[in-house]
Amino acid sequence: MGRRIFTAELLPGMPDTIGRKPAKAEHAPPARTLDEAITRSHDIIAEALDRYPIVARHALLSGGNDSTLMLHLVQPYLDSSEHDAVVHVNTGIGVEETRQHVRDVTRAWNLPLRELHPRDSYDDLVLGQVIARSGKNAGIRPVWKGFPGPAGHGVMYRRLKDEPLQRNRAQVIGTQGRTRKVLYLAGMRWGESQRRMRNAAEIDQEGGIVWCSPLVHWTNAQMAEYRRTRLLPQNEVSAHLHMSGECLCGAFAKPGELDEIEFFYPRTAYRIRSLEQRVKAAGIPACKWGQKPVGQCAPKPGSIAGRLCSSCPAPLQGQTDLMDIWAQQGLLTQPLPQGRAA
């Protein structure tokens with residue numbers, strides 16, 4: 001079995017339940033050199049491959065610079081099975097230049113690409129045309145109506161990102177999740193943002209999916225050194241908008257974000273503003289992208305934000321914050337980063 005990656009256990013005074021599974025903090029000191037960081041990344045992947053019956057390895061490429069670096073690092077792991085591939089979720093409400101960047105990178109590196117699409121489109125969701133298929137509202141009410149504020153983020157994440165990934169998993173292993181699993185290699189990092197720190201774990205098994213974040217321990221300096229020395233292609237969208245732009249659901253958009261998008265990518269902004277007009281014409285009050293609808297409640301305490309979203313919210317007032325606990329226990333040795341992921 002590969003070398004174990006040890007993670008911190010609960011310490012005295014640390015709660016063992018906060019309504020969701022916490023991210024993992026390590027006892028081991030952070031990797032000091034790029035070579036050490038690379039070695040630990042390969043150890044994490046080896047641990048996942050040793051621990052679970054992996055039959056397919058899929059590298060998730062959002063189009064952001066971190067996921068591009070991750071893909072470059074994990075290329076050798078994508079040739080052991082006919083099912084191995086690069087996976088990009090085309091949410092239908094992103095910047096087209098990012099999608100093209102994904103296609104260009106995979107073509108240049110001669111890697112197979114699976115471009116996934118959600119079953120329910122973003123337009124249909126905000127127009128209230130997606131009727132619930134299960135639960136008490138099945139066949140009666142739409143799952144959502146109007147542009148989402150923070151409370152609608154979970155719906156958008158499940159419909160636009162998680163559903164395609166779950167369907168992709170089912171296409172590979174069907175119902176054999178006990179004996180066959182798909183490895184999803186993702187580029188989440190603890191040093192990327194406070195949001196990612198709370199969501200990211202080295203290895204996390206979820207049914208027939210094994211999530212693996214081989215870059216979880218990398219620092220910004222190590223990321224920059226790797227990009228510089230390997231001459232990696234850069235996505236201009238990340239440079240302009242400070243995010244990959246593969247999903248613009250608007251649930252946590254900052255003030256003026258649509259104007260910023262319009263400055264660099266007018267076609268994308270026109271698509272959103274045109275949808276605003278359609279939503280308004282349908283008589284739906286929440287007709288402005290990126291604005292919290294009047295009267296909308298905050299997300300439920302303890303709710304889990306999407307693991308692949310860097311703009312997920314921090315804990316609400318009164319919630320347990322593992323970041324504070326880990327800092328008090330001495331498990332964090334660097335200041336918490338501020339701002340959004342690049």
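This one's a predicted model, so the numbers in the text were calculated from it and none came from an experiment.
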- Query: Where do Ile44 and Glu47 land on the side-chain contact (heavy atoms from CB on, under 4.5 Å) test, with the steps shown first?
  - Reply: CA-CA 5 Å; Ile44 291 171; Glu47 174 72 12; 5.6 Å; no
- Query: Given Ile209 and Gln166, is the side-chain contact (heavy atoms from CB on, under 4.5 Å) satisfied, shown in steps?
  - Reply: CA-CA 8 Å; Ile209 296 173; Gln166 293 294 342; 3.7 Å; yes
- Worked check of side-chain contact (heavy atoms from CB on, under 4.5 Å) between Leu69 and Asn65: CA-CA 6 Å; Leu69 187 156; Asn65 291 329; over 6 Å; no
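Electrostatic pairing of Asp66 and Arg227 counts as a salt bridge here, judged by a charged N lying under 4.0 Å from a carboxylate O. A salt bridge does not link Arg99 to Glu115: none of the charged side-chain nitrogens sits closer than 4.0 Å to a carboxylate oxygen. No salt bridge links Lys288 with Glu257; every basic N to acidic carboxylate O contact stays at or beyond 4.0 Å. Of the charged side-chain nitrogens involved, at least one lies within less than 4.0 Å of a carboxylate oxygen, so that Glu163 and Arg167 count as a salt-bridged pair. Using a 4.0 Å cut-off between a side-chain N of Lys or Arg and a carboxylate O of Asp or Glu, Asp259 and Lys254 do not qualify as a salt bridge.
When all heavy atoms are compared, the tightest approach of Met70 to Leu60 is CE-O, 3.4 Å. Counting all heavy atoms, side chain and backbone alike, Ala56 lies closest to His83 at CB-CB, 3.6 Å. Across all their heavy atoms, Val279 and Ala286 have their closest contact at CG1-O, 3.7 Å.
Between the side chain of Ser238 and the main chain of Gly64, no donor-acceptor pair closer than 3.5 Å is present. With hydrogens and angles ignored, the 3.5 Å screen pairs a side-chain donor or acceptor of Arg169 with a backbone N or O of Gly174. Using modelled atom types, no side-chain atom of Trp218 and backbone atom of Ser41 make a donor-acceptor pair closer than 3.5 Å. Side chain of His217 to main chain of Ala37: a donor-acceptor pair is present (N/O by atom type, distance under 3.5 Å, no hydrogens or angles). Of the possible polar contacts, none joining the Gln205 side chain to the Ile203 backbone as a donor-acceptor pair under 3.5 Å is found. Side chain of Tyr184 to backbone of Leu165: a donor-acceptor contact under 3.5 angstrom is found.
Using modelled atom types and a 3.5 Å distance limit, the side chains of Ser213 and Trp190 yield no donor-acceptor pair. A donor-acceptor contact closer than 3.5 angstrom is absent between the side chains of Ser244 and Asn235. Residues Ser67 and Ser62 bring a donor and an acceptor atom of their side chains to less than 3.5 Å of each other.
For the pair Glu246 and Val89, the minimum side-chain heavy-atom distance is 4.5 Å or more. The shortest distance between side-chain heavy atoms of Pro214 and Val74 falls below 4.5 Å. Arg57 is not listed as a side-chain neighbour of Ser81, based on a closest heavy-atom distance of 4.5 Å or more. Using a 4.5 Å cut-off on side-chain heavy atoms (C-beta onward), Thr91 and Lys161 make contact. Looking only at side-chain heavy atoms (C-beta outward), Tyr122 and Arg159 stay at 4.5 Å or farther from each other. Side-chain atoms of Leu78 and Trp109, non-hydrogen and from C-beta on, never get closer than 4.5 Å to each other. Two residues are said to be in side-chain contact when any heavy atoms from C-beta on lie closer than 4.5 Å; Met243 and Leu248 meet this criterion. At a threshold of 4.5 Å between non-hydrogen side-chain atoms, the residues Met156 and Phe147 do not count as touching.
Of the inter-residue distances, the one linking His72 atom NE2 with Leu231 atom CG reads 9.0 Å to the nearest 0.5 angstrom. The CD1 atom of Ile93 lies 4.5 Å from the CD1 atom of Ile272; values are rounded to the nearest 0.5 Å. To the nearest 0.5 Å, atoms CZ (Arg119) and CG (Leu160) are separated by 12.0 Å. Note: Arg271 CZ to Trp289 CH2 = 11.5 Å, rounded to the nearest 0.5 Å. Here the CG atom belonging to Leu185 is positioned 12.0 Å from the CG atom belonging to Leu61, to the nearest 0.5 angstrom. Taken from CG in Asn168 to CG in Leu116, the straight-line distance is 5.0 Å, to the nearest 0.5 Å.
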Output side-chain donor-acceptor pairs under 3.5 Å for residues 176-183, partner residues at least two apart or in another chain, one line each.
| unit_1 | atom_1 | unit_2 | atom_2 | d |
| --- | --- | --- | --- | --- |
| Arg180 | NH2 | Val172 | O | 3.3 |
| Lys181 | NZ | Gly177 | O | 2.5 |
| Lys181 | NZ | Gly207 | O | 2.8 |

With a 3.5 Å cut-off and sequence neighbours excluded, list the donor-acceptor pairs that the side chains of residues 124-142 form with protein atoms.
| unit_1 | atom_1 | unit_2 | atom_2 | d |
| --- | --- | --- | --- | --- |
| Asp124 | OD2 | Ser121 | OG | 3.3 |
| Arg133 | NH1 | Asp120 | OD2 | 3.1 |
| Arg133 | NH2 | Asp120 | OD1 | 2.7 |

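Exactly one of Leu241, Thr268, Val237 qualifies for a side-chain contact (heavy atoms from CB on, under 4.5 Å) with Thr98. That residue is Val237.
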